[in-house]
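The structure under discussion appears below in the form of C-alpha cells.
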Amino acid sequence: MPKHDEWRGNTAGTAWMHQLLIVTFRYIGLRPVYFFMGLFVAPCYMLFSHKNYISMYHYFRQRHGFSPVKSFWYTYLNHYRFGQIILDRFAVYAGCKYEFELDGNDQFLSLMEKPEGFVILSCHVGNYEIAGYSFASTSKKYNALVFSGEAKTVMENRNTLLSAHNIKMIPVSEDMSHIFEMNNALANGEIVSIPGDRIFGSPKHLECKFFNGTAHLPLGPYAMTVQRGVPAVAIFVMKHSLYKYKVYIRLLNAEETGLQKRNEKIQHLADAFAEEMEKVLRLYPEQWFNYFEFWHDDRNRTEKD
C-alpha cells in the first residue's frame, strides 16, 4: 500500500528565509525571483532529491507516455512550476494580487445558496491554497483540513489571511479529532475542504483507475461525503501565466441510477474525482505535485528506459 506520508510537502527553509522572501517580493516583484529559482534552485532539488525526481520522471514516462528526453524536460518544468507556486504563496503574503478565471462557478454559487453543507475535494495539483487567500466565503463558514507540520511563518500567514476570509484551518491530528470537527461543520451547514488524493492516518483506501493504472485514494473524504448525504465538488486552481490562475470547479455526483449500496456510492464518487483530476492533468501535466510513487502498480517497478 502507498505510504503517502513519505513526502509531506511542507515548505522548505527557515523563518528568516521566508521573511526575506516576503520583503523581496514587496520591492522587486516576481520575475527576478522566478529567474533565480529556475536557474539554480529547481536544478539543485532535482540533483539532491533523487527519489522525488525519479517518481516524477516515472509519472511523465509511464502516465503521459512521453519520450525519455521529453520526460526529463517536463520533470524540470514540474520542479520549476512547483517553485513558482510556492513563491506565489509568499508573494500573496507580501500583498501581491492575482487574477482568477473561473470555469464552473455557477455550480459553486448554487451550493452556497442552499442551507446544507458540502464538501470540496482538493488535491496536490496546481495551487489550491492561493484561492483561499483571494476569495472570501461570505454566506457559509469554510473549514479547510491542513497538514499541521508546516513552517511557522507559513502557518502564521495562512491563519491571518484565511481568518479574514471566514476560513478556519483544521489541522490533521494524530488522535483523529479532526474528523469530528469536519462532521460537526457539515452538520451545521458549513463547507469542508479535504484533500482527496493523499492517505494520512487511517490506512483505509479505495482503488481507482487513474491514468491507466491503479491508484489508492483515501477512503475517509468520500465515505464522509456519502454518509452525510452532502454534495461534493472538485476544485483545481491551475497556474496559467505570471499573475493569472484558472479555477476549474466540477460538481461530483455520488448518486447514479442503479447504485443502492453505500460502498458503491463511495467508490463511484472516488472514481468521479479521479476522472476529473486526470482531465485537468491532461491540460497541465507539469502541475502534479505528489513526489512519490503514487500508482500502486508502479511502486516496485524498475525503470528500464
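Here the structure is a predicted model, which means the values were calculated and not measured.
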| What is the distance from atom NE2 of H216 to atom SG of C208, rounded to the nearest 0.5 Å? | 9.0 Å

| I28, F36: one ILVMFWY side-chain cluster at the under-4.5 Å cut-off? | yes

| task | Begin from the C-alpha positions of M224 and N183 and carry the test side-chain contact (heavy atoms from CB on, under 4.5 Å) through to its verdict. | result | CA-CA 8 Å; M224 181 174 65; N183 273 300; 3.7 Å; yes

| Is there a donor-acceptor contact under 3.5 Å linking the side chains of N263 and Q267? | no

| request: Grab the two heavy atoms, one from P221 and one from P195, that are nearest each other, plus how far apart they are. | output: CG-O, 3.7 Å

| task | Of all the heavy-atom pairs spanning L121 and G196, show the shortest one and how long it is. | result | CD2-CA, 4.4 Å

| query | Which heavy-atom pair separates A185 from V192 by the least distance, and what is that distance? | reply | CB-CG2, 3.8 Å

| query | Between H50 (side chain) and M46 (backbone), is there a donor-acceptor pair under 3.5 Å? | reply | no

| task | Would you check, one step at a time, whether the test ring-ring contact (aromatic ring centres under 6.0 Å, His included) holds for F289 with Y128? | result | CA-CA 12 Å; F289 303 126; Y128 175 72; over 10 Å; no

| message | Strictly distance-based, threshold 3.5 Å: is any side-chain N or O of H178 a donor or acceptor partner for the main-chain N or O of L145? | response | no

| message | Just so I know, are the side chains of R250 and Y248 near enough to count as touching, which here means a heavy-atom distance under 4.5 Å? | response | yes

| request: State whether a side-chain donor-acceptor pair under 3.5 Å links Y59 with S71. | output: no

| Could you walk me through whether F294 and W288 pass the ring-ring contact (aromatic ring centres under 6.0 Å, His included) check? | CA-CA 11 Å; F294 190 85; W288 169 253; 4.9 Å; yes

| message | In the structure I gave you, are the side-chain heavy atoms of F236 and S122 within less than 4.5 Å of one another anywhere? | response | no

| message | Quick one, V233 and Q107 - any side-chain contact, counting heavy atoms below 4.5 Å? | response | no

| query | Could you give the distance from CD1 (I54) to NZ (K51), rounded to the nearest 0.5 Å? | reply | 11.5 Å

| request: Decide yes or no for Y142 and F135: does some side-chain heavy atom of the first lie under 4.5 Å from some side-chain heavy atom of the second? | output: no

| task | Quick one: do H240 and E101 satisfy side-chain hydrogen bond (donor to acceptor under 3.5 Å, both in side chains)? Show the steps, please. | result | CA-CA 9 Å; H240 192 71; E101 179 184 345; 5.1 Å; no

| request: Output, in order, the C-alpha distance, side-chain angles, deciding distance and verdict of side-chain contact (heavy atoms from CB on, under 4.5 Å) for V237 and E129. | output: CA-CA 8 Å; V237 184; E129 184 177 324; over 6 Å; no

| query | To the nearest 0.5 Å, what is the distance between CD (E181) and CE (M169)? | reply | 12.0 Å

| task | Quickly, which of Q62, M277, R282 forms a side-chain contact (heavy atoms from CB on, under 4.5 Å) with F211? Name it, please. | result | R282

| field | Side-chain donor-acceptor contact under 3.5 Å, N143 with E190 | value | yes

| Shortest non-hydrogen contact from P285 to F60? | O-CE2, 3.5 Å

| What do the steps show when you test N212 against R63 for side-chain hydrogen bond (donor to acceptor under 3.5 Å, both in side chains), and what is the final call? | CA-CA 7 Å; N212 298 316; R63 300 305 156 190; over 6 Å; no

| said: If hydrophobic clusters are built by linking Ile, Leu, Val, Met, Phe, Trp and Tyr wherever their side-chain heavy atoms come under 4.5 Å apart, do Y74 and L47 end up in the same one? | reply: no

| message | Looking at D106, is its backbone amide N or carbonyl O close enough to the side chain of S110 to form a donor-acceptor pair, meaning the two atoms are under 3.5 Å apart? | response | no

| said: If you apply the rule side-chain contact (heavy atoms from CB on, under 4.5 Å), what do you find for R31 with L242, and how did you get there? | reply: CA-CA 8 Å; R31 283 188 175 89; L242 186 66; 3.2 Å; yes

| said: Looking at S177 and S173, would you say the former's side chain and the latter's main chain have a donor-acceptor pair under 3.5 Å? | reply: no

| Considering residues, nucleotides and ligands other than F108, do more than 12 of their heavy atoms fall under 6.0 Å from its CZ? | yes

| query | With a 3.5 Å cut-off and no angle check, do the side chains of N78 and Y291 form a donor-acceptor pair? | reply | yes

| task | May I ask whether L39 and W73 are part of the same hydrophobic cluster, defined by side-chain heavy atoms of I, L, V, M, F, W, Y residues being less than 4.5 angstrom apart, directly or through others? | result | yes

| Where do A94 and F25 come nearest, in terms of heavy atoms and distance? | CB-CB, 3.8 Å

| So, the side chain of K140 versus the backbone of K114: is there a donor-acceptor pair under 3.5 Å, distance only? | yes

| query | Should Q287 and V280 count as side-chain neighbours, where that means a heavy-atom distance under 4.5 Å? | reply | no

| message | How long is the straight-line distance from CD1 of I194 back to OH of Y222, given to the nearest 0.5 Å? | response | 9.0 Å

| said: Count I, L, V, M, F, W, Y as connected when their side-chain heavy atoms are under 4.5 Å apart, and connections chain through other members. Are M112 and F100 then in the same cluster? | reply: yes

| request: Indicate yes or no: at least one non-hydrogen side-chain atom of L206 is less than 4.5 angstrom from one of I266. | output: yes

| Hey, what do you get for CG (L252) to CG (L269), rounding to the nearest 0.5 Å? | 6.0 Å

| Which distance, rounded to the nearest 0.5 Å, do you find between the CD of Q84 and the CG of L77? | 9.5 Å

| So, do I170 and M182 sit near enough that their side-chain heavy atoms are less than 4.5 Å apart? | yes

| said: Taking Y27 as the starting point, is it possible to reach L87 by hopping between hydrophobic residues whose side chains are less than 4.5 Å apart? | reply: yes

| field | H205 versus P203, closest heavy-atom pair with distance | value | ND1-O, 3.2 Å

| query | Judged by atom type as modelled, is there a donor-acceptor pair below 3.5 Å linking the side chain of R81 to the main-chain atoms of E286? | reply | no

| request: Start with the C-alpha gap between N290 and D197, add the side-chain angles, then the distance that decides, and say whether side-chain hydrogen bond (donor to acceptor under 3.5 Å, both in side chains) holds. | output: CA-CA 9 Å; N290 281 305; D197 61 335; 3.0 Å; yes

| request: Begin with the C-alpha distance, continue with both residues' side-chain angles, and end with the deciding distance and a verdict on side-chain hydrogen bond (donor to acceptor under 3.5 Å, both in side chains) for D88 and Y243. | output: CA-CA 9 Å; D88 284 354; Y243 287 102; over 6 Å; no

| request: Decide yes or no on side-chain contact (heavy atoms from CB on, under 4.5 Å) for V92 and L161, but give the supporting numbers first. | output: CA-CA 9 Å; V92 172; L161 291 169; 3.9 Å; yes

| query | Does V172 reach the side chain of V146, with side-chain heavy atoms less than 4.5 Å apart? | reply | no

| field | Residue pair Y133 / Y93, side-chain donor-acceptor N/O under 3.5 Å | value | yes

| query | Just by distance, with hydrogens left out, do Y45 and N52 show a side-chain donor and acceptor under 3.5 Å apart? | reply | no

